[in-house]
Amino acid sequence: MLRTAMKPRLLRLFVVMLVLTAAFVWLGNWQWQTAHNRANQQVLEESNGRAVEPLDDVLKPQTTFDNGRSLQPIRATGHYDAAKTELVAGRVLDGKNGYWLMTPLVVDATGARIPVVRGFVTQTTKLPAPTSGTVTIEGALAPGESVSTLGELPEGQIGTIDMGRLLNEWGGKVYNGFVFSTKQAPAAAPQPGTAVVQHIPPPVPKATKVDLRNAAYAWQWWIFAIFAVFMWLRILHEEYLDDRAAAEAAISDGPQSTDAPDVRAARSEGDAADDLDQPDDGAARASSAPETLAEQGAMRPATRKETP
C-alpha cells in the first residue's frame with residue numbers, strides 16, 4: 001500500500017488533505033474558544049448586573065455555601081476584630097508575590113464573624129490596622145478555600161481561608177464564606193509608615209457551560225477534518241485494490257500467452273514432418289499409371305488381321 005500511496009496523484013491528494021484537515025481543526029478550536037468566551041462574557045454580564053444584597057439574605061451563619069451565589073455582591077455592617085487579623089500567604093497580584101490582608105468582621109445583625117479580605121500587601125510588618133468602630137462594607141462573597149498545602153507557616157500567617165480551621169481558632173458563630181472588600185464606609189484613613197494596601201479586584205466568574213451554537217460549529221469543523229482524512233484513506237484503499245487486481249490479472253494471463261506460440265510452433269513442425277513422410281497423391285497416381293496400362297496389354301489376347 002505504501003507504493004500506491006507514493007503515486008503522484010495520491011501525494012497531491014495527501015497534501016490537499018493535510019491542508020484541509022489543519023484548517024478544519026483550527027476553525028473548530030476557534031469556535032470552541034468562542035463558545036467558552038461567550039459563555040464567560042454572559043456570566044460576567046450577569047454578575048455585573050447583580051444588585052447588592054444584605055449578607056444575611058444570601059448566606060446565614062453556620063450554613064452551607066450556595067455555589068450559585070458565588071461572587072454575589074453583598075453588604076454587611078459590623079466592626080472589625082483587629083486581634084484576629086492574619087496574612088494569607090502565597091498570593092500574587094499584578095505579577096508580585098505577597099499576601100492577602102484578612103480581618104474578620106463581626107456582623108451586628110448576627111454576632112457571627114465573616115473573613116474580609118481588605119487588600120494585598122507585599123510585606124509582613126507594619127500592617128495597617130482596620131478601621132475602628134462600626135463600618136459598612138460591600139464586596140463579592142466567595143466560598144471558603146480548601147486545606148492549605150504550604151505546611152508550617154510563621155505566626156500570623158495562614159495558607160488558605162479554610163473555614164474549618166478558622167472556626168476552631170475563633171470559636172462562636174462563623175459564616176461559611178469570605179468577602180473580597182470593594183467598598184467601605186467610612187473609608188479607611190491613611191496610616192503613614194505602614195504597608196501599602198492594594199485593592200484586590202474580585203475574581204471574574206467562570207462559566208460552567210459553553211455557548212451551544214458555537215460549540216456545535218466547533219464539532220462541525222472537527223467532523224469535516226475527520227471526513228477529509230477518511231476520504232483520502234478511502235481513495236488510497238480503492239487505488240490499492242485496483243493495483244492488486246491488475247497485478248493478479250497479469251500473473252494469471254502470463255503463462256497462456258507465453259505457451260501458445262510454442263504449442264503452435266510444435267504443431268507446425270509435426271505437420272511438416274508428416275507431409276515429408278507421405279508421398280503426394282498425384283505423383284503416386286502418375287507412377288502407377290504405366291504399370292496398369294502394361295498389365296492390361298499383357299492380359300488382352302493378340303489379334304491378327306487376315307487378308308481376304
Side-chain angles (χ1 to χ4, degrees), residues 55 59 61-65 67 70-71 74 76-108 110-184 186-206:
L55 173 61
L59 180 66
Q62 311 291 106
T63 59
T64 302
F65 189 94
N67 289 327
S70 180
L71 301 179
I74 61 92
T77 300
H79 63 275
Y80 286 112
D81 189 352
K84 293 181 172 56
T85 297
E86 297 200 67
L87 294 174
V88 185
R91 307 298 157 152
V92 178
L93 180 64
D94 297 333
K96 296 181 293 184
N97 295 321
Y99 310 84
W100 284 353
L101 180 60
M102 185 272 293
T103 304
L105 179 76
V106 181
V107 180
D108 289 345
T110 61
R113 292 180 175 86
I114 184 166
V116 177
V117 177
R118 295 160 48 202
F120 177 86
V121 295
T122 57
Q123 63 187 65
T124 60
T125 59
K126 298 182 179 180
L127 300 176
T131 302
S132 60
T134 301
V135 295
T136 298
I137 66 164
E138 292 183 5
L141 184 64
E145 298 180 311
S146 59
V147 178
S148 173
T149 59
L150 296 180
E152 193 68 24
L153 293 171
E155 184 69 22
Q157 295 184 27
I158 57 178
T160 61
I161 303 180
D162 178 8
M163 302 311 303
R165 173 179 176 177
L166 294 178
L167 176 61
N168 292 332
E169 291 181 358
W170 294 347
K173 294 187 296 183
V174 175
Y175 288 90
N176 192 22
F178 66 97
V179 178
F180 287 99
S181 178
T182 57
K183 184 179 180 181
Q184 177 183 297
Q191 300 179 34
T194 60
V196 177
V197 180
Q198 294 179 255
H199 169 70
I200 301 176
V204 177
K206 296 293 183 181

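When side chains are defined from C-beta on, V116 does not count as touching P104, because their heavy atoms never get closer than 4.5 Å. Residues V107 and L55 form a side-chain contact, since some pair of their non-hydrogen atoms from C-beta on lies under 4.5 Å apart. For the pair D81/L105, no side-chain contact is recorded, criterion being any heavy-atom separation below 4.5 Å from C-beta on. P201 is listed as a side-chain neighbour of L93, based on a closest heavy-atom distance under 4.5 Å. The shortest distance between side-chain heavy atoms of V179 and P115 does not fall below 4.5 Å.
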For F178 and V88, what are the C-alpha separation, side-chain angles and deciding distance, and is it a side-chain contact (heavy atoms from CB on, under 4.5 Å)? CA-CA 13 Å; F178 66 97; V88 185; over 6 Å; no
Which is it for Q191 and K126 under the side-chain contact (heavy atoms from CB on, under 4.5 Å) test, yes or no, and what are the steps along the way? CA-CA 10 Å; Q191 300 179 34; K126 298 182 179 180; over 6 Å; no
Could you walk me through whether L166 and K84 pass the side-chain contact (heavy atoms from CB on, under 4.5 Å) check? CA-CA 10 Å; L166 294 178; K84 293 181 172 56; over 6 Å; no
Checking V117 against I200 for the side-chain contact (heavy atoms from CB on, under 4.5 Å) test, could you report, in this order, the C-alpha distance in whole Å, the side-chain angles of both residues, the deciding distance, and whether it holds? CA-CA 8 Å; V117 177; I200 301 176; 3.7 Å; yes
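Here T125 contributes atom OG1 and L87 contributes atom CG; the two are 10.0 Å apart, rounded to the nearest 0.5 Å. Atom CZ of F65 and atom CE of M163 lie 10.5 Å apart (nearest 0.5 Å). Distance OG1/T182 to CD1/I137: 8.5 Å, rounded to 0.5 Å. Atom CG in L59 sits 5.5 Å away from atom CG in L141 (nearest 0.5 Å).
Residue pairs meeting the side-chain hydrogen bond (donor to acceptor under 3.5 Å, both in side chains) criterion with at least one member in residues 95-108, sequence neighbours excluded, are T85-T103, K96-Q198, T103-R118. Among residue pairs with one or both ends in residues 169-180, those qualifying as side-chain hydrogen bond (donor to acceptor under 3.5 Å, both in side chains) are D56-Y175, T110-Y175, R165-E169; sequence neighbours excluded. Applying the side-chain hydrogen bond (donor to acceptor under 3.5 Å, both in side chains) definition to pairs two or more places apart or across chains, those involving residues 145-162 are R91-E145.
Qualifying side-chain hydrogen bond (donor to acceptor under 3.5 Å, both in side chains) partners for E138, counting only residues two or more places apart in sequence or in other chains: R75. Contacts of V197 classified as side chain to side chain contact (heavy atoms under 4.5 Å, CB included), with partners at least two apart in sequence or in another chain: L101, V121, P128. Taking the side-chain hydrogen bond (donor to acceptor under 3.5 Å, both in side chains) definition, one finds that T77 meets it with T136, sequence neighbours left out.
Closest approach of Q62 to V174, counting heavy atoms only: OE1-N, 2.8 Å. What you find for L150 and G159 is that their closest heavy atoms are CD1-CA, 3.8 Å. When all heavy atoms are compared, the tightest approach of L127 to A195 is CD2-CB, 4.4 Å.
Judged by distance alone, the side chain of S70 and the main-chain N or O of N67 form no donor-acceptor pair under 3.5 Å. Not one N or O on the side chain of Q184 forms a donor-acceptor pair closer than 3.5 Å with the backbone of V135.
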